[in-house]
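To start, the structure under review is shown below, and the notes come after it.
Hydrogens, waters and symmetry mates are skipped; everything else that's a heavy atom, side chains included, is used. The first residue of the sequence shown is numbered 1, and numbering continues consecutively from there.
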Amino acid sequence: MVISEQNDSAADTFTLFAKPNRSLTSAGRSLWLALMATTTLLVAVAAFAMGAWLILPFAGLEIALVCYAFRVIAQHDDDYEMLTVGETNFKWEQRCAGGNTVLEGNKHWATFEAVNVVGRLQLQLRYAGRTVIVGKHFATEEQKQLTKQLQALFSRI
């Protein structure tokens with residue numbers, strides 16, 4: 001997770017930008033998939049030549065499932081989460097698998113709380129009857145630090 005925080009004291013603005021870290025680019029995923037498919041098919045064809053014909057369809061299924069997994073990962077390449085808290089307003093924006101979600105309004109009417117859900121910390125921002133989860137991809141320690149910062153920001157009047 002790549003996290004970028006900006007705290008501009010002159011404008012009294014807090015900005016949090018978080019984006020998942022991707023170690024493989026699209027071209028890297030394609031190359032890795034080609035290498036895996038080639039290796040798998042070579043082993044399956046060798047087994048087929050020795051009489052183990054049932055291995056070949058399962059090798060094809062394995063390659064198809066890895067292709068599907070890489071496709072799902074590629075859909076989330078542009079995901080991000082951004083929270084900007086100003087003197088009186090806030091704006092939370094999230095992009096997940098191509099869909100955007102935005103929540104903005106007056107920070108004095110918003111509530112922010114940390115809730116323990118099934119043994120995991122969940123940071124919830126509530127405003128105008130809507131609840132959004134902030135920092136859902138963060139590690140527990142990062143969530144605890146973020147909770148302290150945001151509770152301080154949303155409790156100021």
Starting from Tyr68, walk the hydrophobic network (Ile, Leu, Val, Met, Phe, Trp, Tyr; side-chain heavy atoms closer than 4.5 Å) and list everyone else you reach, by chain and number. Val72

Please report the C-alpha distance between Lys91 and Val102 in whole Å, then the side-chain angles of each, then the deciding distance to 0.1 Å, and finally whether the side-chain contact (heavy atoms from CB on, under 4.5 Å) criterion is met. CA-CA 7 Å; Lys91 180 178 182 181; Val102 177; 4.0 Å; yes

So, do Thr88 and His108 sit near enough that their side-chain heavy atoms are less than 4.5 Å apart? yes

Among residues at least two apart in sequence or on other chains, which ones pass side-chain hydrogen bond (donor to acceptor under 3.5 Å, both in side chains) with Gln122? Gln124

Can you tell me how far CD of Gln143 sits from CD1 of Ile133, rounded to the nearest 0.5 angstrom? 10.0 Å

Determine all donor-acceptor pairs shorter than 3.5 Å in which one atom belongs to a side chain in residues 109-117; sequence neighbours excluded.
from: Glu113; atom 1: OE2; to: Arg126; atom 2: NH1; distance (Å): 2.7
from: Glu113; atom 1: OE2; to: Arg126; atom 2: NH2; distance (Å): 3.4
from: Asn116; atom 1: OD1; to: Gly119; atom 2: N; distance (Å): 3.3
from: Asn116; atom 1: OD1; to: Arg120; atom 2: N; distance (Å): 3.2

Could you give all pairs that pass the side chain to side chain donor-acceptor pair (under 3.5 Å) test and reach residues 92-101, with sequence neighbours left out? Tyr80-Glu93, Glu81-Trp92

4.5 Å side-chain heavy-atom contact, Leu121 and Thr147: yes

Is any side-chain heavy atom of Val134 closer than 4.5 Å to a side-chain heavy atom of Leu146? yes

Run the side-chain contact (heavy atoms from CB on, under 4.5 Å) test on Leu125 and Phe90 for me, step by step, so that the C-alpha distance in whole Å, both residues' side-chain angles and the decisive distance to 0.1 Å come before the verdict. CA-CA 11 Å; Leu125 178 60; Phe90 75 93; 3.7 Å; yes

How close do Ala18 and Phe138 get, heavy atom to heavy atom, and via which atoms? CB-CE1, 3.4 Å

Rounded at 0.5 Å granularity, tell me how far CG in Leu16 sits from CD in Glu142. 9.5 Å

Look at the side chain of Gln151 and the backbone N and O of Lys148, then say whether any donor-acceptor pair between them is shorter than 3.5 Å. no

All N/O donor-acceptor pairs, side-chain side in residues 35-63, below 3.5 Å, sequence neighbours left out:
from: Thr38; atom 1: OG1; to: Ala34; atom 2: O; distance (Å): 2.7
from: Thr39; atom 1: OG1; to: Leu35; atom 2: O; distance (Å): 2.9
from: Thr40; atom 1: OG1; to: Met36; atom 2: O; distance (Å): 2.8

I'd like to check the side-chain contact (heavy atoms from CB on, under 4.5 Å) partners of Asn89; sequence neighbours left out, ordered by chain and number. Asn106

Side-chain donor-acceptor pairs of residues 23-33 under 3.5 Å, sequence neighbours excluded:
from: Thr25; atom 1: OG1; to: Gly28; atom 2: N; distance (Å): 3.1
from: Arg29; atom 1: NH1; to: Leu24; atom 2: O; distance (Å): 3.3
from: Arg29; atom 1: NH2; to: Asp77; atom 2: OD2; distance (Å): 2.5
from: Ser30; atom 1: OG; to: Ser26; atom 2: O; distance (Å): 3.2

Ala97: what forms a side-chain contact (heavy atoms from CB on, under 4.5 Å) with it, not counting sequence neighbours? His76

Can you list the residues that meet the side-chain contact (heavy atoms from CB on, under 4.5 Å) rule with Arg71, with sequence neighbours excluded? none

Heavy-atom check, side chain of Asp79 versus side chain of Lys19, under 4.5 Å: no

